[in-house]
Protein chains: 2
Amino acid sequence: MPTTTRVLIIDDHPLFRRGVSQLLGLADGFEIVGEAASGQEGIELAKRLDPDLILLDLNMKGMNGLETLRTMRDLEIDARIILVTVSDAPEDLIAAIRSGADGYILKDNDPDDILKLIDSAMHGKTAISPELTSLLATALREESLVEQRSQASLTERETAILKCLAGGMSNKLIARELDIMESTVKVHIRNLLKKLKFRSRVEAAVWAVANQIH
Amino acid sequence: MPTTTRVLIIDDHPLFRRGVSQLLGLADGFEIVGEAASGQEGIELAKRLDPDLILLDLNMKGMNGLETLRTMRDLEIDARIILVTVSDAPEDLIAAIRSGADGYILKDNDPDDILKLIDSAMHGKTAISPELTSLLATALREESLVEQRSQASLTERETAILKCLAGGMSNKLIARELDIMESTVKVHIRNLLKKLKFRSRVEAAVWAVANQIH
DNA sequence: TGCGATCTACCCCTTAATAGGTAGTACCTT
DNA sequence: AAGGTACTACCTATTAAGGGGTAGATCGCA
């Protein structure tokens with residue numbers, strides 16, 4: 001039983017709304033039940049209309065797309081929500097997915113591709129413009145690295161040496177500070193770089209400083 | 001005309017107050033005009049008694065010595081104020097001098113030495129326990145370095161490379177990022193280290209991160 | 001008692017980084 | 001036109017750092 005998908009469009013650009021309307025109008029199974037020019041208005045309409053799908057612009061003046069998305073999820077609006085945007089910034093993508101978006105589509109995608117993505121989102125998948133998947137992968141890898149690093153259990157000595165690194169010290173200075181041979185310092189540094197998956201002492205030092213390992 | 005120096009003691013330890021009283025009582029030219037067991041009480045007494053010298057304990061419960069000192073300076077109490085403390089922490093010393101202390105004396109100094117320090121403070125000098133002067137020098141040197149570094153005018157390229165350093169990148173990666181030869185990156189790094197007086201890229205990176213050079 | 005972890009310290013070797021130099025090009029200012 | 005600055009790129013050299021290995025001493029735990 002292929003019922004029609006009831007769609008709400010939230011975007012402060014009238015032209016874009018018209019474009020989407022037309023695109024979905026030409027396709028089968030979509031019905032535009034509402035359009036909103038702002039986040040607030042969009043939330044009101046979403047509550048009243050209970051649409052199946054919400055296409056939400058990320059870059060709106062006033063309440064932006066992310067805030068709108070979070071508010072709607074807080075209100076337990078259970079429509080599929082796809083962010084539509086011109087931003088290919090990794091942080092926007094990550095934030096959107098984190099905030100419960102079911103899709104993240106670039107406006108400059110081919111209309112056919114957009115339709116396919118919307119379709120897959122309606123089938124329970126998270127629809128992301130293909131050119132962004134590598135960004136997502138990179139981000140996730142980095143995040144898992146951060147996780148690993150925060151959890152990684154350094155030994156007492158390794159922690160002490162990481163603190164020295166965060167102070168910008170050389171192996172020679174660290175050796176003097178901890179009163180051990182420089183060769184031993186090297187061993188510890190090698191081990192801690194391996195444990196934390198850093199490629200150099202500089203990466204380790206920068207990370208330690210940024211994460212206040214003092 | 002050697003008039004007597006009218007002294008106010010602010011310390012929450014009665015025994016210490018008594019000790020100081022005795023010390024100054026044995027010496028010539030001092031008269032204890034008041035004792036206070038807290039910062040608040042001390043400020044009140046200082047306003048009422050207008051002493052020539054205030055001996056102020058740094059580590060008091062409630063309003064601590066530094067706060068008391070600042071409040072008194074705000075109130076334009078013009079007595080010579082000497083902080084007396086057990087703390088040899090550089091930051092305490094620096095903060096005290098910054099806040100307008102005329103002296104900073106360690107409690108475990110020899111009584112004779114304390115008298116001499118008080119005396120020199122009464123003659124317009126800033127009296128600091130000798131074992132702390134090197135701390136002061138180091139701190140000042142570091143501070144001036146920070147000044148220099150903040151002011152040092154890096155070129156556009158050097159700034160770009162410092163940002164890369166703050167990202168933990170190697171010369172090879174920086175070269176790729178900025179699309180220049182690695183040999184050129186080395187030149188810029190050398191110049192940047194010299195300008196900012198760093199001894200290694202790690203020091204530079206750590207500093208850049210800590211000072212939010214992003 | 002033996003196993004594993006940690007800390008120590010060395011070996012070898014390769015690569016990265018630092019310190020000094022010269023030098024060409026471009027641009028701006030005097 | 002001359003000088004200064006920035007950027008580029010190379011040369012030399014030494015030192016620092018990283019990656020691999022072995023190995024002894026100590027400690028706690030199974």
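To find a chain, count down the sequence lines: A is the first, B the second, and so on, and within it residues start at 1.
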Are OP1 or OP2 of [N] and a side-chain N or O of [X] less than 4.0 angstrom apart?
X: A:Arg201; N: D:dA17; answer: yes
X: B:Ser183; N: D:dC10; answer: yes
X: B:His188; N: D:dT8; answer: yes
X: B:Lys172; N: C:dA16; answer: yes
X: A:Ser170; N: D:dA16; answer: no
X: A:Thr155; N: C:dT6; answer: no

### Message
As a test of reading the structure: which of C:dT8, C:dA17, D:dA9 is closest to the side chain of B:Ile180, going by heavy atoms?
### Response
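Taking heavy atoms from C-beta onward, the closest nucleotide is D:dA9.
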#### Entry: A:Arg157, nearest nucleotide to its side chain (from C:dT8, C:dA19, D:dT8)
C:dT8
### Message
Between A:Thr85 and A:Asp92, is there a side-chain donor-acceptor contact under 3.5 Å, judged purely by atom types and distance?
### Response
no
### Message
For a quick check under 3.5 Å, do B:Ser21 and B:Glu35 share a side-chain donor-acceptor pair by atom type?
### Response
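Checked: B:Ser21/B:Glu35 side chains pair up, N/O donor to acceptor below 3.5 Å.
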### Query
Pick the nucleotide of DNA chain D nearest each of A:Asn171 and A:Arg190; which residue has the one closer to the 5' end?
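Of the two residues, A:Asn171 wins.
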### Query
Taking for each residue the nucleotide of DNA chain D with the nearest heavy atom, is it B:Glu156 or B:Val202 whose nucleotide lies nearer the 5' end?
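Mapping each residue to its closest nucleotide by heavy atoms, the 5'-most match is B:Glu156.
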Expressed as a whole number of angstroms, how long is the span from [X]:[atom1] to [N]:[atom2]?
X: A:Glu182; N: C:dT8; atom1: CD; atom2: P; value: 14 Å
X: B:Glu203; N: C:dA17; atom1: CD; atom2: P; value: 16 Å
X: B:Leu178; N: D:dA6; atom1: CG; atom2: C1'; value: 15 Å
X: A:Met181; N: C:dC11; atom1: CE; atom2: C1'; value: 16 Å
X: B:Ile189; N: D:dA16; atom1: CD1; atom2: C1'; value: 14 Å
X: B:Arg199; N: D:dT15; atom1: CZ; atom2: P; value: 18 Å
X: A:Met169; N: D:dA17; atom1: CE; atom2: C1'; value: 16 Å
X: B:Lys186; N: C:dT22; atom1: NZ; atom2: P; value: 19 Å

Does the distance from a Lys or Arg side-chain N to an Asp or Glu carboxylate O, for [X] and [Y], drop under 4.0 Å?
X: B:Asp179; Y: B:Arg157; result: no
X: A:Lys61; Y: A:Asp12; result: yes
X: B:Lys107; Y: B:Asp57; result: yes

### Query
Touch check for B:Glu158, heavy atoms < 4.0 angstrom, all strands: base, sugar-phosphate only, or nothing?
nothing
